[in-house]
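Have a look at the structure below before the remarks.
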Amino acid sequence: MLNKMKLWKSQKKDIDFDDRFQEVLQHSIPHHIAIIMDGNGRWAKKRALPRVAGHHEGMKVVRKITRLANKLGVKTLTLYAFSTENWKRPKMEVDYLMKLPEEFLGKFLPELIEENVRVTMMGYDKHLPEHTANAVMNAMDATKDNDGLVLNFALNYGSRAEILDAVKNVLKDVNNGIINEGQIDEDTFSNYLMTKELPDPDLLIRTSGEIRLSNFMLWQLAYTEFWFTPVLWPDFDEKHLIEAIEAFQGRSRRFGGLQSEELK
Ligand code: FPP
């Protein structure tokens with residue numbers, strides 16, 4: 001009897017999930033979802049585990065969420081995996097974080113290729129250890145012709161540095177006569193950012209209950225819908241992503257204008 005109940009409960013959960021999955025597909029799916037994957041350390045601490053155990057568990061969630069995003073038809077998934085400020089962490093933790101892209105891609109690259117995912121990276125790759133940069137470059141190369149989901153890792157990424165570099169490069173191009181001052185508008189400036197080939201995110205998710213941007217995509221998030229959840233990243237699963245997309249679909253995006261009915 002107990003087993004029957006358990007079975008019914010788990011089937012019910014799947015039915016609920018399938019229904020919600022089908023329902024979100026009836027409405028607009030965010031083209032670009034960006035995620036600040038936070039709370040790995042707290043997840044580990046709650047279990048009396050070393051912080052790196054949280055990062056390792058977080059890596060598994062990356063796979064889960066990538067697969068679902070791809071199934072839903074999301075075009076780009078940007079994941080904040082390491083910031084320009086994260087170098088301040090203990091060396092042991094930094095070294096571990098720098099090994100994760102290799103481990104992840106070592107395990108899942110064949111699956112990503114199979115699922116038509118294209119891996120890209122934004123961030124200061126010159127400062128990454130060679131083994132990390134090589135693993136990412138190899139995955140980028142192996143998936144460059146795929147035209148499904150773009151899985152964009154923000155690795156050694158910092159938005160202020162990105163914006164400052166863009167300003168310097170715009171100045172250089174003006175001084176060299178490549179562009180003139182009158183041509184500097186939002187579109188031109190966006191082309192100097194690391195995201196020049198990507199649309200701005202439609203939905204930003206941050207896990208773990210922190211409500212801040214932590215130097216993430218400050219320019220690109222100007223009109224993005226934000227969704228914050230107390231769930232720690234290693235506990236984040238498919239139903240949480242569906243929940244975030246449901247919330248997104250309930251928002252009215254006006255980009256500073258008015259809805260057509262408000263204009264009447
Ligand atoms: C923030 O949590 C998380 C990070 C700095 C690292 C995020 C990295 C992963 C989830 C794995 C990435 C996987 C791949 C494939 C690159 P925190 O450590 O600040 O958590 P806390 O606030 O609870 O201490």
Side-chain angles (χ1 to χ4, degrees), residues 33-70 76-113 115 117-125 127-140 142-143 149-159 204-217 228-238 240-241:
I33 301 180
I35 309 186
I36 303 178
M37 309 179 287
D38 196 8
N40 296 348
R42 276 163 283 168
W43 182 92
K45 196 171 172 205
K46 269 168 71 178
R47 288 160 180 79
L49 293 169
R51 291 178 55 79
V52 294
H55 296 315
H56 195 261
E57 201 61 27
M59 181 193 74
K60 297 187 203 158
V61 178
V62 169
R63 178 193 178 218
K64 251 195 273 185
I65 295 309
T66 302
R67 294 185 89 178
L68 178 59
N70 200 14
T76 306
L77 179 65
T78 294
L79 301 177
Y80 204 7
F82 194 89
S83 76
T84 44
E85 288 71 39
N86 286 149
W87 298 107
K88 294 180 204 152
R89 295 187 176 208
K91 183 174 178 325
M92 186 261 190
E93 185 173 342
V94 169
D95 289 349
Y96 190 87
L97 283 168
M98 286 297 146
K99 283 191 193 132
L100 281 183
E102 256 171 298
E103 184 179 341
F104 175 82
L105 294 164
K107 277 190 183 142
F108 302 122
L109 185 58
E111 186 178 294
L112 296 172
I113 294 173
E115 290 173 359
V117 172
R118 181 155 71 93
V119 177
T120 61
M121 184 205 136
M122 63 176 191
Y124 293 92
D125 53 347
H127 306 119
L128 294 174
E130 214 176 299
H131 62 92
T132 314
N134 285 345
V136 178
M137 296 306 151
N138 172 49
M140 284 169 62
T143 60
L149 174 81
V150 174
L151 175 59
N152 181 37
F153 286 108
L155 254 185
N156 194 23
Y157 171 82
S159 185
L204 170 84
I205 298 172
R206 182 171 189 150
T207 58
S208 93
E210 307 296 350
I211 316 239
R212 56 175 172 266
L213 289 181
S214 304
N215 201 16
F216 188 52
M217 302 184 91
F228 296 100
T229 173
V231 174
L232 305 175
W233 178 250
D235 290 327
F236 193 86
D237 65 15
E238 288 91 345
H240 298 116
L241 181 61

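This is a predicted model, so every value here is computed, not measured. We're numbering straight along the sequence, starting at 1. Order of appearance sets the numbers: ligands from 1, and atoms from 1 within every ligand.
Contact check on Arg67 versus Glu238 returns no salt bridge, with no Lys/Arg side-chain nitrogen under 4.0 Å from an Asp/Glu carboxylate oxygen. The existence of a salt bridge linking Lys60 and Glu57 is confirmed by a sub-4.0 Å separation between a basic side-chain nitrogen and an acidic carboxylate oxygen. Using a 4.0 Å cut-off between charged side-chain N and carboxylate O, Lys64 and Asp237 make no salt bridge.
At a 3.5 angstrom cut-off on N or O pairs, Trp233 does not count as close to ligand 1. Annotation: Arg42 places an N or O atom under 3.5 Å from an N or O atom of ligand 1; distance criterion only. The shortest N or O to N or O distance between Asn40 and ligand 1 is under 3.5 Å. In terms of polar-atom proximity, Asp38 is counted as a contact of ligand 1, with an N or O under 3.5 Å from an N or O of the ligand.
Of the possible polar contacts, one joining the Asn156 side chain to the Tyr124 backbone as a donor-acceptor pair under 3.5 Å is found.
Here the straight-line distance linking atom OG1 of Thr84 with atom CG of Leu155 works out to 11.5 Å at 0.5 Å rounding.
Here Lys45 has no heavy atoms under 4.0 Å from ligand 1, in either its backbone or its side chain. Using a 4.0 Å cut-off between heavy atoms, Glu103 makes no contact with ligand 1 at all. The proximity of Leu155 to ligand 1, defined as any non-hydrogen pair under 4.0 Å, does not occur for either the backbone or the side chain.
For ligand 1 and Leu100, the ligand atoms under 4.0 Å from any heavy atom of the residue are 11 (C). Residue contact check: Asn86 has heavy atoms under 4.0 Å from atoms 5 (C) of ligand 1. Taking every heavy atom of Phe104 and a limit of under 4.0 angstrom, the matching atoms of ligand 1 come to 15 (C). Atoms of ligand 1 lying under 4.0 Å from at least one heavy atom of Leu97, given by number and element, are 6 (C).
For the residues Phe153, Phe82, Phe108, Tyr96, the heavy atom positioned nearest atom 14 (C) of ligand 1 is part of Phe153. When the options Ala81, Pro234, Gly41, Ser208 are ranked by their closest heavy atom to atom 6 (C) of ligand 1, first place goes to Ala81.
The ring pair (Phe, Tyr, Trp, His ring centres under 6.0 Å) test applied to Phe108 returns Phe104, not counting sequence neighbours.
Sorted by first then second residue, the ring-ring contact (aromatic ring centres under 6.0 Å, His included) pairs that include residues 41-69, not counting sequence neighbours, number zero.
Smallest separation of non-hydrogen atoms from Arg118 and Thr143: CG-O, 3.4 Å.
Within a 6.0 Å radius of CE in Met137, more than 12 heavy atoms belonging to other residues, nucleotides or ligands are found.
Scanning all protein heavy atoms for the shortest distance to atom 24 (O) of ligand 1 gives Arg51 NH1, 3.0 Å. Summary of contacts: the protein heavy atom closest to atom 3 (C) of ligand 1 is Met37 O, 3.1 Å.
Under the 30°/60° scheme for interplanar angles, the aromatic rings of Phe216 and Tyr80 are found to lie parallel.
Distances shorter than 4.0 angstrom do not occur between any heavy atom of His56 and any atom of ligand 1.
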